[in-house]
Amino acid sequence: MQPQLLPHMNKKTFLFVFFIFLACDVSSEKILIHNVNVIDPLDGISKNTNVEISNNKISSVGKKTSFFYSKKIDGSGKYLIPGLWDSHVHLYFDQELAKDMPMLFLKFGITSIRDTGGDFNFLDSIKKLSEKYSKSYPRLKISGPLIDGKFNVYNGERLPNLSVKTENVKETENVVNKLIASGADFLKAYEMLSPEQFEIIMKIAKKKKINVTGHIPLSMDIETASNLGLNSLEHIKNLELWATKDKNELLKVRRGMMKNTRNLSGLNLRGMIHNTQKNYAINNLDKDETIKIYEALAKNNTWQIPTISIYKVPIYKIFKDDYWIENLKYLPEKTREIWEERINFSNKNINPKQKDFSDWVQRTTKEMHDYGIEFMAGTDTPLGFLIPGFSLHIELELLVESGMSELDAIKTATINPSRYFNMENYLGLIKEGYIADLILLNTNPLENIKNTLDISLVVKDGKVYEDPLKID
Ligand SMILES: [Zn+2]
């Protein structure tokens with residue numbers, strides 16, 4: 001006997017309708033991660049919950065809304081965090097490696113990157129690819145070149161040409177206007193600018209509502225730069241020069257040196273100024289002067305990207321550890337060979353002056369965090385043998401080592417960069433309506449931040465990459 005299906009419908013019609021229904025549901029690409037511990041950077045942990053993904057969005061957190069899923073992922077005992085940002089990257093530094101960097105980032109769950117300096121057209125072409133192929137590229141925000149002064153540091157002689165030289169205020173103004181018109185996502189001011197050049201950058205940026213990051217120009221002091229509206233500072237660069245009792249004298253000397261009577265290259269001139277003043281400054285820090293700086297940074301909302309890894313990894317020679325060498329396997333073969341050779345060639349000695357500086361960066365990070373200053377996690381990869389993707393996890397570890405809580409460290413690589421780019425309403429949290437950029441971890445990162453490397457799968461724009469570190 002035929003089973004009774006639906007009234008007025010024979011079996012053939014029923015199956016046809018049923019499959020159409022199924023096909024519609026599947027075509028909407030509903031994915032369910034069930035029974036998972038969700039870590040929201042703001043709300044903390046919710047245990048054993050369901051997260052539903054429809055196309056490229058998180059469509060529900062908590063309840064199941066469908067019977068049919070194109071994919072079900074068992075999240076039992078696992079931890080879900082938002083996809084991570086590396087907020088300090090230089091794709092242009094190694095153009096050959098840059099071809100492999102997007103995939104390397106995704107493997108390690110870095111679903112967004114903020115490129116902090118390089119040739120605009122080169123970076124813009126990768127940004128366009130990342131927009132077109134949003135499921136297989138990390139999202140990319142670019143500043144274009146470092147905007148530098150008359151004696152620009154990265155002039156392409158010994159180091160890649162990451163900067164644009166601007167001889168005077170008019171040239172700076174033209175460069176800034178051109179970068180904004182071309183679609184730069186933010187601007188980066190560099191160390192050899194004059195105060196007048198820095199001011200014009202800030203003035204235009206304010207008018208066009210675009211963020212400016214940078215190093216404090218050596219011709220200036222950090223309080224003035226912050227008061228002018230500097231939105232963020234990379235590497236805490238040159239903060240210490242204004243944190244001593246004789247800060248005004250140091251500034252006067254720097255301004256004299258910047259006249260460059262010996263006609264040094266920008267790279268050498270900056271090196272000479274740093275050598276003369278930086279270690280002196282951290283050995284002569286003044287508590288009251290330091291607090292005045294923290295107060296200004298907090299009041300003006302000048303965020304910090306301390307990039308502890310670009311100090312600590314090369315200075316402590318962490319790149320010679322077995323653990324580091326082991327992870328070089330993720331690099332493309334040619335790069336791996338070059339890096340291995342250079343690493344083998346370098347000695348194990350730790351320079352005590354450099355060590356002091358690296359330790360100071362970590363102490364300062366903790367103090368600024370306690371002052372309520374906001375942070376973003378960034379590395380400076382691929383400089384300093386910092387492996388793209390992998391190194392961001394090391395940065396999180398170093399932020400925690402400096403004294404930040406695990407949840408606060410995760411915040412610096414998720415919701416904070418989203419806030420920096422006004423994307424906080426749709427990226428960086430695990431909430432309904434947010435973009436499905438996620439990492440499923442096997443172990444709890446709030447217990448040990450190293451667990452952010454224990455990756456089960458990565459989701460980019462709704463696309464699932466299972467066991468991404470095992471994919472060749
Ligand atoms: Zn950098």
Side-chain angles (χ1 to χ4, degrees), residues 85-95 97-98 101 104-105 110 112-120 122-123 126-127 138 140-149 152-165 179 184-193 201 211-218 222 225 230-239 266-267 270-271 274 278 302-315 319 354 357-358 361 364-365 375-392 394-395 398-399 412-413 417 420:
W85 283 77
D86 186 333
S87 289
H88 194 120
V89 170
H90 295 283
L91 288 165
Y92 190 69
F93 191 80
D94 184 339
Q95 292 170 54
L97 177 59
M101 278 170 77
L104 258 172
F105 280 116
I110 316 305
S112 304
I113 53 184
R114 173 176 174 266
D115 190 286
T116 42
D119 179 77
F120 184 86
F122 178 87
L123 295 169
I126 304 177
K127 181 180 156 185
L140 180 56
K141 295 286 176 187
I142 61 173
S143 65
L146 320 172
I147 306 167
D148 211 348
N152 59 327
V153 175
Y154 281 90
N155 61 5
E157 275 170 37
R158 267 162 49 210
L159 291 167
N161 188 6
L162 300 183
S163 71
V164 54
K165 165 189 181 134
L179 281 171
D185 300 295
F186 62 110
L187 302 170
K188 183 163 174 189
Y190 216 61
E191 284 180 64
M192 307 309 271
L193 292 167
I201 297 174
N211 281 349
V212 180
T213 195
H215 296 193
I216 304 302
L218 291 163
I222 186 167
L230 184 66
N231 302 89
S232 53
L233 175 59
E234 309 292 325
H235 326 290
I236 318 184
K237 192 64 103 184
N238 301 335
L239 178 150
L267 184 67
R270 181 181 74 155
H274 282 186
K278 285 179 90 72
T302 308
W303 290 20
Q304 301 299 316
I305 305 92
T307 63
I308 305 167
S309 35
I310 195 60
Y311 292 108
K312 188 146 188 180
V313 173
I315 290 174
F319 55 67
Q354 290 184 343
F357 203 83
S358 177
V361 167
T364 307
T365 295
F375 280 80
M376 296 197 286
T379 58
D380 223 353
T381 181
L383 284 79
F385 305 118
L386 296 177
I387 304 159
F390 171 75
S391 300
L392 191 272
I394 302 302
E395 182 70 18
L398 292 170
L399 287 167
T412 68
Y420 189 85

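Both counts, for ligands and for their atoms, begin at 1 and track the order of listing.
At least one side-chain heavy atom of Glu234 sits under 4.5 Å from a side-chain heavy atom of Lys188. Arg114 has its side chain within reach of Thr213: a pair of non-hydrogen atoms, C-beta onward, lies under 4.5 Å apart.
Asn152 pairs by the side-chain hydrogen bond (donor to acceptor under 3.5 Å, both in side chains) definition with Ser163, not counting sequence neighbours.
Around the Zn ion (ligand 1), the protein contributes the following N, O or S atoms under 2.8 Å, ordered by chain and number: His88 NE2, His90 NE2, Asp380 OD1.
If you run side-chain hydrogen bond (donor to acceptor under 3.5 Å, both in side chains) between His88 and each of Thr307, Thr381, Asp380, only Asp380 comes through.
Contact check on Lys127 versus Asp115 returns no salt bridge, with no Lys/Arg side-chain nitrogen under 4.0 Å from an Asp/Glu carboxylate oxygen.
Contact detail for Tyr92 and Asn161: the closest heavy-atom pair is CE2-O, 3.4 Å.
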